[in-house]
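These notes are about the structure you will find just below.
Along the sequence shown, residues are numbered consecutively beginning with 1. From a predicted model like this one, the values you see are computed outputs, not experimental measurements. Counting starts at 1 for both ligands and their atoms, following the listed order.
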Amino acid sequence: MSEAPILSVHNASRHYRSGEAVVRALDGVSFDIHPGEVVGILGPSGSGKSTLLLIAGLLEPPTTGEIYIRDRLVSEPGADLDSLRDFRRKNIGFVFQKANLIPFLTAVENVALTLEIDDVPARAARDYASHLLGSVDLAHRVGNLPTRLSGGEQQRVAVARALANDPALVLADEPTAALDGIRGRQVISLFREIADARRAGVVVVTHDPRVQDLFDRTIELRDGWIVGENVTRRAERSLPRYCDR
Ligand SMILES: Nc1ncnc2c1ncn2[C@@H]1O[C@H](COP(=O)(O)OP(=O)(O)OP(=O)(O)O)[C@@H](O)[C@H]1O
Ligand SMILES: [Mg+2]
């Protein structure tokens with residue numbers, strides 16, 4: 001029997017009222033993310049990418065449609081998202097379009113906080129946070145406050161923070177936007193490792209052409225709709241050997 005998808009989005013839309021007009025930020029989108037998949041969401045500015053992540057991350061309710069995480073219905077129109085706070089914290093790692101670090105905590109404290117909220121002892125939380133920061137090449141910056149980190153360094157702290165609670169689903173909004181090509185690929189490769197090792201599902205919104213070959217699949221949005229899907233890496237990897245020639 002095949003594993004249940006980590007994330008299923010069923011016919012989700014999100015409409016915002018703007019005076020008399022209604023903005024259809026998302027307009028009937030359906031897709032699944034399976035365990036071990038790293039999927040890119042592409043599309044022009046304003047096409048609904050961030051809205052889609054907010055809905056999938058249970059940070060906003062859909063106007064229509066349902067969100068399932070591991071076959072459990074977790075969000076539908078009118079859902080009380082506050083009651084899902086614990087579920088969200090345990091299951092979802094979110095990297096926001098802006099790093100959103102807590103300004104008076106150092107890099108390592110920002111990452112460790114996620115674990116301490118879950119009652120991990122402070123010492124163990126700090127050790128694991130330092131380890132995660134090492135995996136985004138920030139071992140030498142663990143004691144810096146966000147104001148003493150570059151934009152790209154802050155973004156990498158935000159990536160480490162999103163991974164701290166070992167989430168089944170990682171949602172990242174332009175996590176490589178402030179990074180150079182090599183660091184950008186490192187971040188997506190780290191997502192890849194987590195997807196492979198822990199069977200997590202990862203969804204990455206990106207405009208960055210330098211990382212697109214690292215996705216298993218890409219989904220393209222335009223005006224709140226899915227206008228295209230491309231299977232990339234996973235298809236190549238799963239080809240039987242005799243197809244190589
Ligand atoms: N809270 C809101 N109220 C009203 N309209 C909104 C709101 N949030 C988003 N929108 C609108 O919904 C549309 C989709 O926005 P969204 O932020 O999802 O786009 P995006 O694809 O992430 O764009 P970008 O690449 O610029 O980040 C846009 O037209 C935006 O103006
Ligand atoms: Mg956006």
Report yes if some N/O of G46 lies less than 3.5 Å from some N/O of ligand 1; otherwise report no.
-> yes

Keeping the roles fixed (side chain from Q155, backbone from A178), state whether a donor-acceptor pair exists under 3.5 Å.
-> yes

Within a distance of under 4.0 Å, is there any protein heavy atom near atom 30 (C) of ligand 1?
-> no

Would you mind running through ligand 1 and noting each atom that sits below 4.0 Å from a heavy atom of H207?
-> 25 (O)

Between R192 and F215, is NZ or CZ placed under 6.0 angstrom from the six-membered ring centre and within 45° of the ring axis?
-> no

R199 bridged to E3 by N-O distance under 4.0 Å | yes

Counting no waters, what protein N/O/S atoms lie under 2.8 Å from the Mg ion (ligand 2)?
-> S50 OG, Q97 OE1

Whether D118 side chain and V120 backbone form a donor-acceptor pair below 3.5 Å = no

Side chain S150, main chain E153, donor-acceptor under 3.5 Å = yes

Numbering the atoms of ligand 1 from 1, which are under 4.0 Å from a heavy atom of P44?
-> 21 (O)

Counting N and O atoms only, with roles assigned by atom type, does the side chain of N110 sit under 3.5 Å from a partner on the main chain of L105, one being a donor and the other an acceptor?
-> yes

Short question: side chain of K90, backbone of P167 - any donor-acceptor pair under 3.5 Å?
-> no

Should D82 and R88 count as an ion pair when the cut-off is N to O under 4.0 Å?
-> no

Below 4.0 angstrom, N of the basic side chain to O of the carboxylate: do R183 and D137 qualify?
-> yes

Under 4.0 Å from a heavy atom of S47: give me the atoms of ligand 1 that qualify, with their elements.
-> 19 (O), 21 (O)

Determine, using heavy atoms of G224 and all atoms of ligand 1, whether some pair is separated by less than 4.0 Å.
-> no

Can you check side chain to side chain contact (heavy atoms under 4.5 Å, CB included) on F94 and L53, steps first, answer last?
-> CA-CA 9 Å; F94 208 105; L53 278 203; 3.9 Å; yes

With heavy atoms under 4.0 Å as the rule, classify the contact between S18 and ligand 1 as side chain, backbone, both or neither.
-> neither

For atom 20 (P) of ligand 1, is some protein heavy-atom partner under 4.0 Å away?
-> yes

Take every heavy atom of Q97, measure it against each atom of ligand 1, and state whether any distance is under 4.0 Å.
-> yes

